[in-house]
K.L.:
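The structure follows.
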Amino acid sequence: MADPASISCEHLTYSYPGAAPALSGITLEVRAGEYVGVVGPNGGGKSTLVRLLNGLLVADSGHVRVAGFDPAAEPFEVRRRAGVLFQNPDNGLVAPFVEDDVAFGLENLGVERVEMRERVREAIRSVGLTGYERREPHTLSGGEKQRVALAGLLAVGPEILLLDEPTAMLDPAGRGEVLGRVRELRGSRTVLHVTHHLEELFDADRVLVLNGGRLVAAAAPEALFSDADLLRENRLVLPTVPRLASDLGLPFCRTPEELAAAVERRSRDNSGVEAR
Amino acid sequence: MKIELRDVRHVYSPGTPFAVEALGGVSLTVEPGEVLGVIGGTGSGKSTLVQHLNLLLLPTSGQVLVDGADALSMDRTALRRRVGLVFQTPEQGLFAPTVEEDVAFAPRRLGLDEGEVRERVREALGLLDAGHLAGRSPFALSGGERRRVAIAGVLAMGPEVLVLDEPTAGLDPTARGDLIGLVVRLKASGVTVVIVSHDLDEVAEVADRVCVLGGGAVRAIGTPADVFYADTSPAPTTVRVAAAVGERRLPGLGRPVRYGETLAALRSAMGGTG
Amino acid sequence: MTAVRGVGQFYPVGSPLHELDPRAKVVATALLVVGLFFVDSAAGFAVAGTAAALLVAVSRVPLRVFLGLLRPVAFIVALTFFFQVFFLREGPTLFRWGFVEVHEGGLEMGLLLSARLLILVTTAGLLTATTAPVALADGIEDLLSPLKRLRFPAHEVAMMMTIALRFIPTLGEEAQKISRAQAARGADFTSGGLLARARALVPILVPLTIGAFRRADELAEAMESRGYRGGQGRVRYRELRFRTRDALALVLTVLVVLAAVLL
């Protein structure tokens, strides 16, 4: 790709009819292959951003380019290159059978039938649902439905994935299934991942904070999640492990093991201090 | 009020090729005034179990006792008033033009006079920090607000036991925190709470006892510390942290489960001024 | 928990009928249904009935599926039969008891109309039981496509069918869930007069409708984001092939219909 920026926005502003701006003056850039998280309180503008990037909404002012195209002017060029995984897979699956649903995007693109079959089979395999081709969506678990939705996007072969709180309605097992699949795509796709669960972004390249329609912060996860004031101002709730670490005055920790190691280190330091 | 399940089995579509045994002989007591957490994976029978507490589902075999008497012979309507059941995503059932009207639905069905109905509505909304929403349309609220209003709709019946099936599913962490606060307040006001959840962290925070269901049977039941420290494979984050610290042979940790306990235990394990 | 298989749903077993092109099946069903209205002799119904029974056997769909289909229409059949037998006074009298009279013409008409209804429902059931919903929608789209020139939205109609088939079970589960939730709040759907029962449905119908609109919004968004722009330039995943056996099936259908009508 000639343009190294997969997604770029300049002074992006959007208001829903008769409401205060949902997004104002957003300027950001996401490089190809980058994994970027987006967090912030409800109504902060996260979902609006995803919809502007996919041409489902058209900005009032500012410039957007996604995979080299302007989503407002050429939405179909953008949509084949940037797929959206929405919050509720129940309302995103169109067809009464899994394989027909996975084929939906390819049908719209007019892909030739032999190739379509191959790509559907491969996409279903890549989300670990081989054997589910003839299942009806309403008989699947939440995690399985969301994986079908993901397969539907992957079949089209997008270079960008826009994830709009894809795990919000899932139980822990379903969340794990979906996140596992997404993690496998890391590096080969540009990912913009909107979520309320900060632990899903522990190993993101960068995290953006949207609040009141403005981009209030953009930083590496450790830096961002260690900033207690920033978290509080944006109503972000730290998961248990980093929260314990922060309350204990320890550096950012991701896992119980990291925290245990940090506790041990501090305990040794402390006993050292007392012994002296 | 005390609810006892004795060897309760439940089979869906019995006698057909689609018959599924969801519960295979569950015995369990809900003690008055406690917060009982029910955990278990998808298909463990949690949702089937809780619907037996107010006999929305009837056991295929086994007994349900309320204060020692057979619940099957009791008046169903009265029982459902005493045992309030809040299903998953209860906001799907909101239907009235205003929050107040919606919450008044259940007390009106009880045939209370209008003054009493208003009082119940005010009280229930108050408990859920939703008094200010009374005049609003339930459809114009945020996800967390809608959830709280829907719970108030069951609470307004004045139940002695409130059963919450996945009360925080699909909510953002702030709204989750609010609901956990509600459980604590309910307990303080004398209501018995049964909370079903996938989220071990939130069960750990509020439960007096924990019941682990798996494959339609009770796998473990007891205090959170007893249950979670007996098997830490699926355990709350706090317990996993304490276990990881314990493996490093740091002294004085004990068996903390709640966040506050864990924080204090870690502080003391670190020694010094922390 | 257990998905309820509704009546009139696809029954996925392998059979020669399942293999046929959905277009052939739709046309054949239409021919049989229309033809049935012109059948007026016992011999004609015998032919049509035998044909339907043979098809049921060939379809390998268990008989109980058809019985399930017939159950809801049994009442209508019984009512029709009753009216014809007791109120149509044509031909010689067969039976008289007080003011009740049964005439030969009435009995004959009652039997014919009942047979017509039963065969009709069985034929329609055969189509839905042996044809995957998507294939059915595709077939109908193809059959209607000549009307596209008259601006008839053939693709849209087919897409609507597909979506309806996809969402009927989902909405059914939602309705069940909401009614249980309202029952837990003291709602009572079974007692009182007609008006009281209708009013009792409000707490179910309102949320169900609102939920359906929300689903529709989200579905529209998801379809758009997946590049949907109507039927133009679209290639369907499933290919419909009209083969010799489909032509044979149609010819056979025409012959049976002609025989039944002319006899």
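Quantities reported herein were computed from a predicted structural model and do not represent experimental measurements. All chains are named by letter (A, B, ...) in the order of the sequence lines, taking the proteins before the strands, and each is independently numbered beginning at 1.
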K.L.:
For chain C, find which of Val111(A), Leu109(A), Asp90(A), Val84(A) contributes the most heavy-atom pairs closer than 4.5 angstrom.
P.N.:
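Greatest number of close heavy-atom pairs with chain C: Asp90(A).
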K.L.:
Looking at Arg214(C), Met223(C), Arg215(C), which makes the most heavy-atom pairs under 4.5 Å with chain A?
P.N.:
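Between Arg214(C), Met223(C), Arg215(C), the count favours Arg215(C).
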K.L.:
Select one option (side chain, backbone, both, neither) describing which atoms of Phe86(A) are under 4.5 Å from chain C's heavy atoms.
P.N.:
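Side chain of Phe86(A) only, per the 4.5 Å heavy-atom cut-off to chain C.
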K.L.:
Using the rule side-chain hydrogen bond (donor to acceptor under 3.5 Å, both in side chains), only one of His193(A), Arg186(A), Arg189(A) pairs with Tyr35(A); which is it?
P.N.:
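For Tyr35(A), the side-chain hydrogen bond (donor to acceptor under 3.5 Å, both in side chains) check succeeds only for His193(A).
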K.L.:
For the interface with chain C, which of Arg117(A), Glu99(A), Arg134(A) has the highest count of heavy-atom pairs at distances below 4.5 Å?
P.N.:
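Of the candidates given, the most pairs with chain C belong to Glu99(A).
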K.L.:
Identify whether the distance between the nearest side-chain nitrogen and carboxylate oxygen of Arg147(A) and Glu144(A) falls below 4.0 Å.
P.N.:
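No, Arg147(A) and Glu144(A) are not salt-bridged.
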K.L.:
Under 4.5 Å from any heavy atom of chain C, what part of Leu93(A) do you find: side chain, backbone, both or neither?
P.N.:
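Contact with chain C involves both backbone and side-chain atoms of Leu93(A).
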K.L.:
Below 4.5 Å from any heavy atom of chain C, which atoms of Val50(A) appear? Answer side chain, backbone, both or neither.
P.N.:
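Neither part.
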K.L.:
Under 6.0 Å from the ring centre and within 45 degrees of the ring axis: does the NZ or CZ of Arg229(C) meet both conditions for the six-membered ring of Phe76(A)?
P.N.:
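Yes, a cation-pi geometry.
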K.L.:
Is any side-chain heavy atom of Arg65(A) closer than 4.5 Å to a side-chain heavy atom of Ile7(A)?
P.N.:
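Of all side-chain heavy-atom pairs linking Ile7(A) with Arg65(A), none is under 4.5 Å.
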K.L.:
Please check if any side-chain donor atom of Thr195(A) sits under 3.5 Å from a side-chain acceptor atom of Glu200(A), or the reverse.
P.N.:
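Looking only at side-chain atoms, Glu200(A) and Thr195(A) do form a donor-acceptor pair, the distance falling under 3.5 Å.
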K.L.:
By a 4.5 Å heavy-atom criterion (distance strictly below it), what part of Asn54(A) contacts chain C: side chain, backbone, both, or neither?
P.N.:
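Side chain only.
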